[in-house]
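The structure displayed is predicted, hence computed values, not measured ones. No hydrogens, no waters, no symmetry mates; every other heavy atom, side chains included, goes into these values.
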Amino acid sequence: MDRECSQLLPSVCAVLADSRQLVADDTFLEKFLDWFKTLTETESSLLLLQENPCLTELITCVLKLKDPSSSTLSFILRLTGIFAASESCFQYLQQRELLISLFGEVGPLSSALWEEASVRSGWVQGVHSMVQHQSALHFLCNCGAIDVIFTLQGDPSLFVASAANQLLVHMLTFSLQSFQTKLVNIKDCDWPVCAQKLIVHIEESLKSNSASRIKQSLKLLTSMFGCCHDLWTEVLWSQLSERIVYLLEEKPVHAWHSLVDLFLSMARSPVFSCPECSLWTSVTCALEHLNPAQVGRLAVGVLKLQECPQAVRIQALSVLLQPMDCVLKAASQPLEYPGLLNRSVNDSATVETLLSCRSSCASLLCQTLAHLEELQYLTYLPVDLPYIPLLQSVVTILQFCIGLATPASCLGNKISRILIGCFRVQRSALDILGALSHRESHSVFMGSVSDILLAYLKSPDTSPTVLKKSFQATLKWLVRLSEAPSSRDHWQQTEQFLRDLFLVLQKRLCSPYWEVRDSALEFLTLLVKHLREKDGFRQVLFSSEVPKLMEDLLEDPESYVRASAVTAMGQLSLLTQLISKMPGIENGNGKEKSIVAQLQEILSTDSEGFPRRAVISVFIDWLKEGHPDVLKDTEQFVSSVLQAVNSDLDWEVKAGGLELAEVFSAQTLGRLGLAACPYAAVSSSATRSTHLSESLQIFCRVKLFEFLFGALCDCDRPVAQKACDILITLKAELCEESSLREGTRAGLSTEAHGIAWLEETLRRWSSCAEPCPRGNADGAGSQDPNGVLLVLRTVDLEGLHGSLNRSSDHIEKSPQSLLQDILATVGTLEDNEADCY
């Protein structure tokens, strides 16, 4: 601790010990604790207490207070725990009977303040910090603190209960850390007393009739097996496994959720990875005794494991497929789809009962569909999924939801009544339908999949959220089909689907609901982006009314829709350029010529930020990809865009303008051979000095530096940071060492200037009608290369970059300022009781 802090600390401790003086902000105490944590990690805790006796006096004074505040008492408990983590400091505090007064039965445990959750939380955190040596464990065992921790496991405050659970885990693992290689019986007297107490408590809780005690112990075991992978955990499991299996066999299983958490935690531990481990017997028991609604999470977790007996994997997959199998058999199906399973793992009557009940049917199906979707994204699945029957069962569920399925049994009639119009199940089923596209099959798609997708896209009863999911699933299938090698006949069938799809889109783009119009535009944007190389797709697109409707939506009353229309038209414009020379296609070139002007008008005049942000994103893409209308006069295009962005108040629009400026500058320098550019491949053979001059003239004509320097002065930090980064890059390319030396010899100022000087220079530029003499940066206009170059050299960009990247509290972040703040705010709480935000 430095001398300044040592001098301030006694005054701060006096304030904290005086109940008449209030600290205005509890966050000061948190920062105070953080500071001491850092100190004790780098310095001797005992030496800190000995050199600063005011700390020990503070603890003693707070203990003597009749009515300390709960925040102060909690702070003292945590502070004492931090110091007691050192064994020498622990002995020092114990000799003064401070530990027993704080953590024993005569301390806060017996006071009225124990009713405060903050005090109980401080007590637990203090104990947790303290348990870093065996002396602390012996102290806790002897003073009755362990029983208090057991009680706090069921605390009404979830924060306190969770902290108590984590504390017990820490105590158990810490007490047994030296027993990693000793595989002895748990009742062996060599095991530490603390560990024996904890294990006896766990066993008694598991044998009790109290559901809350059972769940608390299962939660404790789950955390312990999850964080500790020592060999003694296998010995502990062998002692407890019989009781765990007994809990599974109870009817009903009350703690099934906690049991599933426990098994998943253990299955991920390398200690239990052996296929012969007894854990898998318990997992098998769980898969058999719990119903699919309870055990689905365990089943999908088992299937994700690398180390697991194959028989358990097959059983887990059967559990997930059983509800799907019941649904498939509940509807009339073609003969080639007999079902998903040859046999059931669980009693099929249980599953049928769940599917027959309105309260459980949708939940079971949503959970099952989500788990099966999760499996589709695994890079490796150690069991084979019955792809076709699974796909058909998903389609059947979707058919039930809109009344297209034909029930084949009493169960089918019940499912049909429950699922009709069920949006939750529709969304989940469409998610997995899209995920199943990775096993693309043209014949499958052109059968039931395309029919059900078109049915949902056409139906007026489809909700906007379900429609969005339908679009997403359709896109995934079409993209996968376009990537797969297929015959001409197959793609012709796909084109027919596209024609039907575009007829639907024409209606959806005219929907009275803005969410529907927006989803249709987003879908079209992605469809054009992914299928733009397909001749058949382009033919279908431009033979429909969709392009005209997309353009009309640029004037939609809803800003979200206008933004989506801008993005869609941006993609469509790029596509139109690809087919401009294709015969027999009506691509609307007459109107295409004005699309740049239309988007520039939106950028300049739209009152909402979303469309303007979309425009700048489109312009960036056009500049990168070489849009023909941009290439006709790139300088004029960039200049007009930067001018519009410069007066925009939306920081995201400005950030987009900076990205466009960055792309343009990189392209210009790359084209002239001054820098590597991913967007420009042509290089010149002219000299570097000529290139420098030419690039500067280009940048000045488009007023690039005026825009960048203005952004550097912007009040929005992300804008200023981005501008600073771009300017530093340009300075490295344009301001060579030789030019700096030349400027010095000529007597030009090279003194580094800051933001205030730059703002004044920008004001002079804006009022300057003609370029001023060489070397006069203050008077030169933004179109004078010499003046611009001088400003670029003299602005302290590196210093600005450092200040922009510093946090807002970097000036006053020291421990000394913290102590000063505590003293400065003492007693102000009562004077300023009203918070003015």
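Looking at residues two or more places apart in sequence or on another chain, you find no side-chain hydrogen bond (donor to acceptor under 3.5 Å, both in side chains) involving Gln426. Take Glu87 and apply the side-chain hydrogen bond (donor to acceptor under 3.5 Å, both in side chains) test, not counting sequence neighbours, and it matches Ser135. Qualifying salt bridge (charged side-chain N to carboxylate O under 4.0 Å, His left out) partners for Arg313, counting only residues two or more places apart in sequence or in other chains: none. With sequence neighbours left out, Ser162 forms a side chain to side chain contact (heavy atoms under 4.5 Å, CB included) with no residue at all. With sequence neighbours excluded, the residues that form a salt bridge (charged side-chain N to carboxylate O under 4.0 Å, His left out) with Glu522 are Lys468. Take Thr72 and apply the side-chain hydrogen bond (donor to acceptor under 3.5 Å, both in side chains) test, not counting sequence neighbours, and it matches Ser69. In this view, Lys207 and Arg243 satisfy the side chain to side chain contact (heavy atoms under 4.5 Å, CB included) rule, not counting sequence neighbours.
The shortest non-hydrogen separation linking Leu167 to His128 is CD1-CA, 3.5 Å. Nearest approach of His133 to Met130, heavy atoms of both residues: NE2-O, 3.7 Å.
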Can you give each donor-acceptor pair under 3.5 Å made by side-chain atoms of residues 276-287, sequence neighbours left out, with the distance rounded to 0.1 Å?
unit_1, atom_1, unit_2, atom_2, d
Ser278, OG, Trp237, NE1, 3.2
Trp280, NE1, Cys274, O, 3.1
Thr284, OG1, Trp280, O, 2.8

Name every donor-acceptor pair, under 3.5 Å, that has one atom in a side chain of residues 407-415 and the other anywhere in the protein, sequence neighbours excluded.
unit_1, atom_1, unit_2, atom_2, d
Ser409, OG, Leu411, N, 3.4
Ser409, OG, Gly412, N, 3.2
Asn413, ND2, Ser409, O, 3.4

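More than 12 heavy atoms of other residues, nucleotides or ligands lie within 6.0 Å of CD in Glu250, so this atom counts as buried by the packing criterion. Dense packing is recorded around CD of Glu249, with more than 12 heavy atoms of other residues, nucleotides or ligands lying under 6.0 Å away.
For the atom pair Ile452 CD1 and Ile397 CD1, the distance stands at 11.0 Å (nearest 0.5 Å).
Taking the ring centroids of Phe103 and Phe139, they lie at or beyond the 6.0 Å cut-off. Taking the six-membered ring for Trp, Phe272 and Phe225 have ring centres closer than 6.0 Å.
Residue pairs satisfying the salt bridge (Lys or Arg N to Asp or Glu O under 4.0 Å) criterion with at least one member in residues 360-383, sequence neighbours excluded, are listed as follows: Lys304-Glu374. Applying the side-chain hydrogen bond (donor to acceptor under 3.5 Å, both in side chains) test to pairs two or more places apart or on separate chains, none has a residue in residues 262-273. Residue pairs that meet the salt bridge (Lys or Arg N to Asp or Glu O under 4.0 Å) test with at least one member in residues 113-122, sequence neighbours left out, are Arg120-Asp155.
If you check the side chains of Ser210 and Ser208, you find no donor sitting under 3.5 Å from an acceptor. A donor-acceptor pair shorter than 3.5 Å can be found between the side chains of Gln125 and Ser121. A donor-acceptor pair shorter than 3.5 Å can be found between the side chains of Asn165 and Ser223.
Among Leu419, Val425, Val327, Thr353, the one residue that satisfies the side chain to side chain contact (heavy atoms under 4.5 Å, CB included) test with Cys361 is Leu419.
Under a 4.0 Å N-O distance rule, the pair Arg427/Asp431 does not qualify as a salt bridge.
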